[in-house]
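What follows is a set of notes on a single structure, which appears directly below.
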Amino acid sequence: MNIAKNRILEKGFLDIEIDPRLDLFAEIERLKKEKNAVILAHYYQEPDIQDVADFIGDSLGLAKQAQDTDADIIVFAGVHFMAETAKILNPAKKVLLPDLKAGCSLADSAPAPLFKAFKEKHPDHLVISYINCTAEIKALSDIICTSGNAEKIIESVPKDQPILFAPDKNLGAYLNKKSGRNMLLWNGACMVHEIFSLEKMTKLKIRHPQAKILAHPECEEAILAIADYIGSTTQLLKYSSSDSATQYIVATETGILHQMQQNSPNKTFIPAPPTNSCACNDCPHMKLNTLEKLYLCMQYETPELTMNEELRIAAKRSMDRMMEISKAAGLIG
Ligand code: 13P
Ligand code: SF4
């Protein structure tokens with residue numbers, strides 16, 4: 001069985017046929033109870049996965065949940081760096097990821113050996129890295145940040161301390177503008193947030209003049225310049241629920257629209273158009289996870305995210321610093 005399982009897992013997930021009559025929602029609920037498992041899902045997951053999750057959140061909220069859970073198994077419906085984060089913070093738990101190949105173009109844009117060499121050229125710089133990076137990059141960083149706490153993290157650093165920010169150049173440029181700093185930026189970007197078309201969005205805004213533009217700070221400067229509100233996925237969701245407008249053009253991955261629509265059934269949410277011929281913007285990595293893969297990984301408790309303990313301890317330092325600053329700033333409980 002193990003040889004067969006390994007062969008199946010070469011794909012990154014268990015490619016086992018599922019009886020189509022099976023009620024996967026009920027099966028997943030049963031497995032959660034039987035195995036004392038918790039499902040943590042990012043907002044970019046497909047709606048079915050969001051609906052079976054115990055907690056849906058942005059990277060900061062998910063890290064906090066992963067740290068605090070008393071479940072025996074954390075099923076991470078997100079991408080690889082998020083499951084790594086859960087393991088870094090809570091090593092005693094078994095961390096499962098429905099598809100081990102669910103990566104991230106932003107994390108891939110900072111290979112550890114190149115980043116290490118870059119860092120060594122700037123020994124006087126403090127390294128702040130966005131959580132969308134590998135455990136190796138976290139281990140080379142002084143503090144981690146997310147889109148939900150980045151401003152507070154930067155504020156916590158003395159003004160005369162030079163900072164190197166990685167891997168997202170768009171988020172870094174946005175933070176430089178907001179904070180008045182001149183952080184040195186690594187040249188990385190997210191393939192999903194870089195693809196929004198300013199021209200198409202401007203035309204869309206002309207057709208829907210009442211619509212407010214919501215944008216994630218991983219978007220390029222020109223898109224952020226026309227946004228009415230910029231924030232992490234949780235912040236965008238909260239804003240769309242509490243704000244008085246009734247129409248929104250949403251410049252981030254389309255998965256978030258599911259929660260926006262559920263929270264505000266009478267409002268209209270329009271996905272911001274990308275430069276390609278597609279009408280919406282899906283993250284191909286996030287969308288590798290499916291309800292079927294989620295069920296199989298819970299049933300067979302594989303693929304499991306494992307990590308070398310030395311690397312985990314090295315990566316935990318910068319994660320702990322982030323959690324401490326976020327707590328002191330009242331961003332997490
Ligand atoms: P947040 O949900 O933390 O805003 O992150 C967005 C993202 O790109 C995750 O991959
Ligand atoms: Fe990575 Fe971008 Fe996908 Fe988020 S949306 S997982 S940053 S590629």
Side-chain angles (χ1 to χ4, degrees), residues 43-44 58-60 104-110 115 118 122 125 127-133 137 144-155 157 159 162-209 211-237 239-240 243 245 248-254 256-257 269-276 278 280-283 285:
Y43 290 119
Y44 296 164
D58 64 2
S59 305
L60 181 60
C104 167
S105 66
L106 183 49
D108 289 348
S109 66
F115 185 70
F118 185 66
H122 305 281
H125 282 56
V127 178
I128 300 183
S129 294
Y130 187 35
I131 198 163
N132 298 31
C133 65
I137 298 292
I144 298 303
C145 73
T146 72
S147 50
N149 62 16
E151 286 178 51
K152 292 282 180 206
I153 299 283
I154 290 166
E155 259 172 41
V157 177
K159 287 235 174 313
I163 299 173
L164 192 165
F165 185 85
D168 190 355
K169 64 176 179 192
N170 293 320
L171 175 63
Y174 169 72
L175 293 167
N176 271 344
K177 211 167 169 183
K178 288 281 284 192
S179 65
R181 303 259 182 162
N182 187 21
M183 298 189 296
L184 184 62
L185 308 180
W186 179 262
N187 188 20
C190 157
M191 62 187 287
V192 177
H193 290 89
E194 276 229 307
I195 207 173
F196 293 114
S197 160
L198 180 62
E199 193 190 332
K200 288 185 194 171
M201 279 180 71
T202 310
K203 284 183 183 155
L204 198 58
K205 176 79 181 166
I206 293 168
R207 280 205 298 282
H208 303 275
K212 280 191 177 172
I213 296 180
L214 307 180
H216 194 279
E218 287 174 27
C219 292
E220 288 180 325
E221 194 181 357
I223 301 295
L224 297 179
I226 59 164
D228 295 285
Y229 182 77
I230 298 166
S232 77
T233 49
T234 296
Q235 290 165 342
L236 295 178
L237 178 63
Y239 182 86
S240 71
D243 180 57
Y248 299 89
I249 296 167
V250 185
T252 190
E253 213 270 358
T254 49
I256 188 75
L257 268 69
F269 297 97
I270 309 164
T275 45
N276 61 27
C278 184
C280 61
N281 243 31
D282 280 336
C283 171
H285 309 290

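All figures in this text were calculated on a predicted structure; none of them were measured in a lab. Sequence positions, counted from 1, serve as the residue numbers for this chain.
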Which heavy atom of Ser105 sits nearest a heavy atom of His285, and at what distance? N-NE2, 3.7 Å
So Tyr44 and His193, would you call those rings parallel, tilted or perpendicular, with 30° and 60° as cut-offs? tilted
Would you kindly say whether Asp243 and Tyr248 are connected by a side-chain donor-acceptor distance under 3.5 Å? yes
Within a strict 4.5 Å, meaning less than it, do heavy atoms of the Tyr130 and Ser147 side chains meet? yes
How about Glu151 and Leu175: do any of their side-chain heavy atoms sit closer than 4.5 Å? yes
Expected output: side-chain Ser59 to main-chain Thr146 donor-acceptor under 3.5 Å: no
Nearest 0.5 Å, what's the CD1-NZ distance between Ile249 and Lys212? 12.5 Å
Just wondering, more than 12 heavy atoms not from Lys203 lying within 6.0 Å of its NZ? no
With rounding to the nearest 0.5 Å, note down the distance linking CG in Leu214 to OG1 in Thr233. 12.0 Å
Going from CD1 on Ile213 to CG on Leu204, what distance comes out if it is rounded to the nearest 0.5 angstrom? 8.0 Å
Is there a side-chain contact between Val127 and Phe115 in this structure, where contact means two heavy atoms from C-beta onward sitting under 4.5 Å apart? yes
Determine, step by step, whether Phe165 and Arg181 satisfy the side chain to side chain contact (heavy atoms under 4.5 Å, CB included) criterion, reporting the C-alpha distance in whole Å, the side-chain angles of both residues, the deciding distance to 0.1 Å, and the verdict. CA-CA 11 Å; Phe165 185 85; Arg181 303 259 182 162; over 6 Å; no
Report yes if some heavy atom in the side chain of Glu253 is under 4.5 Å from a heavy atom in the side chain of His216; otherwise report no. no
Heavy-atom side-chain contact between Leu60 and Thr234 under 4.5 Å: no
Residue of the set Asn187, Leu185, Leu106 for which side-chain contact (heavy atoms from CB on, under 4.5 Å) holds with Asp168: Leu106
Taking C-beta and beyond as the side chain, do Leu184 and Pro162 meet within less than 4.5 Å on heavy atoms? no
Say you draw a straight line from CG of Asp108 to SG of Cys190; how long is it, rounded to the nearest 0.5 Å? 11.0 Å
Working to the nearest 0.5 angstrom, can you tell me the gap between Asp58 CG and Leu236 CG? 9.5 Å
Kindly indicate whether the side chain of Ile128, heavy atoms from C-beta on, has any atom under 4.5 Å from the side chain of Ile153. yes
